[in-house]
Amino acid sequence: AILTQMRRVVLTFAASGLLAALAHGEPNDHVRQAADAFEQGRFQDAARLAEATGQADAFALAARSVLAELICGDTELDPLALERAVLLANAALAGDPAHVEGRLQLAIALSLKARGMSRTQAWRTGLGEQARDLAEAVLVDDPNNAYAHGFLAVWHVEVVRRGGGLGASMMDASLAEGFAHYEAAANLVPEDPGLHWQMARALAAHNPRRHRDRIEMAIAAALASDGETALDAVMMRRAAVLAEALRSLNANEVKRLAREML
């Protein structure tokens with residue numbers, strides 16, 4: 001959510017931007033090096049190398065790298081780093097307003113910004129709606145974009161959790177839509193652990209008792225992955241932690257743990 005998205009993602013968390021960058025004539029050495037650094041989990045190096053190229057694809061990769069560094073960390077999200085991700089994603093869109101990866105990374109960054117706000121603050125800023133609109137616009141252009149589907153799957157669950165029935169109605173969110181987007185994403189990239197982990201986490205944060213079967217299936221899918229990148233490995237470790245929590249903790253403890261995780 002969000003590599004084969006991020007060589008294959010969060011939030012969070014698509015491979016299209018990177019593959020496009022490597023396909024544009026002579027691949028830029030900085031882009032190649034940035035892609036390698038990303039796969040190895042050297043996200044700060046990846047961001048620095050990608051940003052140096054000044055290309056839309058590379059700006060999107062830089063934004064993705066900054067977000068991956070944040071998501072993989074064990075501390076509070078750094079607001080300055082989040083803002084940097086927003087600026088990098090917007091730089092990609094300045095070069096190409098329809099840039100798929102740029103829109104997806106901006107959606108993830110905006111959602112993470114909203115995560116740190118109260119429900120009222122998030123509503124007033126409109127960040128959740130902006131993030132949704134970006135991902136939905138990607139699906140208009142690319143209906144089979146697994147990572148836009150994955151993002152929207154979690155978006156719907158999170159809005160239902162935070163907004164309740166009234167908030168979900170006002171934002172046109174529903175669990176049914178979340179499940180439909182997750183099914184679409186899982187059918188397109190069944191091997192992506194981040195996709196499955198993020199849905200498991202979102203459902204556990206919402207209602208681990210009601211959604212236990214779905215959570216366990218998503219965790220099992222995450223743990224069945226080959227885990228090809230450093231980011232994959234982080235997502236799989238977190239899925240394993242949640243699996244153990246489901247076995248050993250009560251529902252309120254599981255919910256609290258899931259809400260603290262990324």
Side-chain angles (χ1 to χ4, degrees), residues 1-72 78-113 127 130-131 133-151 188-189 192 194-195 228-232:
I2 324 112
L3 222 127
T4 25
Q5 178 198 5
M6 296 193 182
R7 179 185 101 232
R8 271 182 336 226
V9 177
V10 153
L11 179 251
T12 314
F13 281 327
S16 55
L18 174 58
L19 294 177
L22 296 176
H24 287 172
E26 290 294 325
N28 186 293
D29 284 344
H30 281 164
V31 175
R32 287 188 183 279
Q33 293 168 19
D36 289 343
F38 189 99
E39 290 197 23
Q40 296 163 16
R42 295 187 291 110
F43 302 122
Q44 292 183 21
D45 289 341
R48 175 178 52 81
L49 289 163
E51 186 177 3
T53 70
Q55 300 170 357
D57 293 316
F59 278 132
L61 175 56
R64 186 195 309 159
S65 301
V66 172
L67 290 170
E69 175 81 6
L70 285 169
I71 289 169
C72 289
D78 180 354
L80 293 178
L82 262 181
E83 196 57 43
R84 182 184 176 204
V86 170
L87 292 172
L88 288 166
N90 277 322
L93 296 177
D96 177 2
H99 198 275
V100 167
E101 186 75 355
R103 283 183 285 178
L104 284 174
Q105 298 311 315
L106 183 56
I108 294 168
L110 294 178
S111 289
L112 289 175
K113 287 183 69 173
L127 293 178
Q130 292 177 50
D133 291 348
L134 285 161
E136 288 184 343
V138 168
L139 288 179
V140 170
D141 296 338
D142 181 9
N144 289 325
N145 190 295
Y147 301 101
H149 280 297
F151 175 86
L188 289 162
V189 286
D192 191 308
L195 170 75
E228 297 178 2
T229 71
L231 184 59
D232 287 343

- Message: Suppose we screen for side chain to side chain contact (heavy atoms under 4.5 Å, CB included). Which residues come up paired with Ala146, at least two apart in sequence or across chains?
- Response: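 Ala146: side chain to side chain contact (heavy atoms under 4.5 Å, CB included) contacts with Leu188, Val189.
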- Message: I'd like to check the side chain to side chain contact (heavy atoms under 4.5 Å, CB included) partners of Asp133; sequence neighbours left out, ordered by chain and number.
- Response: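 Here the qualifying residues are Glu136.
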- Residue pairs, two or more places apart or on separate chains, that pass salt bridge (Lys or Arg N to Asp or Glu O under 4.0 Å) and touch residues 85-97: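 Residue pairs with at least one partner in residues 85-97: there are none.
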- Query: Among all residues two or more places apart in sequence or in another chain, which pass the side-chain hydrogen bond (donor to acceptor under 3.5 Å, both in side chains) test with Asn90?
  - Reply: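 Applying side-chain hydrogen bond (donor to acceptor under 3.5 Å, both in side chains) to Asn90 gives none.
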- Task: List in chain and number order the residues that pass side-chain hydrogen bond (donor to acceptor under 3.5 Å, both in side chains) with Arg84, two or more places apart in sequence or in another chain; answer none if no residue qualifies.
- Result: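 Expected list: Glu51.
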Would you say [X] and [Y] make side-chain contact, with heavy atoms under 4.5 Å?
| X | Y | answer |
| --- | --- | --- |
| Glu69 | Val66 | no |
| Leu67 | Leu82 | yes |
| Lys113 | Glu83 | yes |

Heavy-atom closest pair, residues [X] and [Y]:
| X | Y | value |
| --- | --- | --- |
| Ser65 | Ala46 | OG-CB, 3.4 Å |
| Val138 | Ala148 | CG1-CB, 3.9 Å |
| Ala62 | Ala47 | CB-O, 3.7 Å |
| Ala107 | Leu134 | N-CD1, 3.8 Å |
| Pro143 | His149 | O-NE2, 2.9 Å |
| Ala56 | Ala92 | O-CB, 3.3 Å |

How long is the span from the [atom1] atom in [X] to the [atom2] atom in [Y], to the nearest 0.5 Å?
| X | Y | atom1 | atom2 | result |
| --- | --- | --- | --- | --- |
| Leu49 | Arg32 | CG | CZ | 13.5 Å |
| Asp192 | Asp232 | CG | CG | 6.5 Å |
| Gln105 | Phe151 | CD | CZ | 10.0 Å |
| Ile71 | Ile108 | CD1 | CD1 | 6.0 Å |
| Asp78 | Leu112 | CG | CG | 12.0 Å |

- In terms of heavy-atom contacts, does CD of Gln44 have more than 12 from other residues, nucleotides or ligands at under 6.0 Å?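 No, the 6.0 Å shell around CD holds no more than 12 heavy atoms from other groups.
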- Message: Less than 4.0 angstrom from a charged side-chain N to a carboxylate O is my criterion; do Arg103 and Asp141 meet it?
- Response: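 Salt bridge: yes.
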- Item | Qualifying ring-ring contact (aromatic ring centres under 6.0 Å, His included) pairs with a residue from residues 41-71, counting only residues at least two apart or across chains |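 Output for this query lists Phe38-Phe43.
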- Could you please spell out the steps behind the side chain to side chain contact (heavy atoms under 4.5 Å, CB included) verdict for Val31 and Asp57? CA-CA 9 Å; Val31 175; Asp57 293 316; over 6 Å; no
- For Ala94, does its backbone N or O pair with a side-chain atom of His99 as donor and acceptor, under 3.5 Å?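 A pair under 3.5 Å: no.
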